[in-house]
Amino acid sequence: SIRIIKNERHAKEMTGTVKKTITIAKHKFCLEIYPEREGCHFKEGPYFEIFGHGYEACLYAFSNKNKINKIIEKKYL
């Protein structure tokens, strides 16, 4: 129904998820950043996830997790 569609669209707009394509060490990734949210005792986040564009990018991300986390936290958050 139309009402459900409006509610779903509204929910997507409220999440504030940011999607970007980034390149690290010649590998492309889709970066999704989720905003802060209220936790049990304090604000949590922001959180992020990366998705490799291809097998080689996924292998690079698996092997260089800490390095990629530092780059993303410094440049994109």
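Note that these values count all heavy atoms, side chains included, but never hydrogens, waters or copies made by symmetry.
No side-chain heavy atom of Ile33 sits under 4.5 Å from any side-chain heavy atom of Thr17.
The line from CD1 of Ile24 to CD1 of Ile71 is 5.0 Å long, rounded to the nearest 0.5 Å. For the atom pair OG1 (Thr23) and NZ (Lys26), the distance works out to 11.5 Å, reported to the nearest 0.5 Å. Taking CG of Leu31 as the start and OG1 of Thr21 as the end, the distance is 9.0 Å to the nearest 0.5 Å. The distance from the NZ atom of Lys65 to the CD1 atom of Ile50 is 10.0 Å, given to the nearest 0.5 Å.
Taking the ring pair (Phe, Tyr, Trp, His ring centres under 6.0 Å) definition, one finds that Tyr60 meets it with His27, sequence neighbours left out. Residues forming a side chain to side chain contact (heavy atoms under 4.5 Å, CB included) with Cys58 (at least two apart in sequence, or on another chain): none. Partners of Lys20 by side chain to side chain contact (heavy atoms under 4.5 Å, CB included), not counting sequence neighbours, listed by chain and number: Val18, Ile22, Tyr76. For Glu49, the side chain to side chain donor-acceptor pair (under 3.5 Å) criterion is met by Tyr34, not counting sequence neighbours.
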**Request:** Test side chain to side chain contact (heavy atoms under 4.5 Å, CB included) on Glu32 and Tyr47 and set out the steps.
**Result:** CA-CA 8 Å; Glu32 292 187 8; Tyr47 299 103; over 6 Å; no
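Clustering of Ile, Leu, Val, Met, Phe, Trp and Tyr by side-chain heavy atoms under 4.5 Å joins Leu59 with Tyr55.
Linking ILVMFWY side-chain heavy atoms closer than 4.5 Å, directly or via other members, places Phe51 and Ile68 in two distinct hydrophobic clusters.
Shown here for Ala57 and Gly52, the closest heavy-atom pair between the two residues is CB-CA, 3.9 Å.
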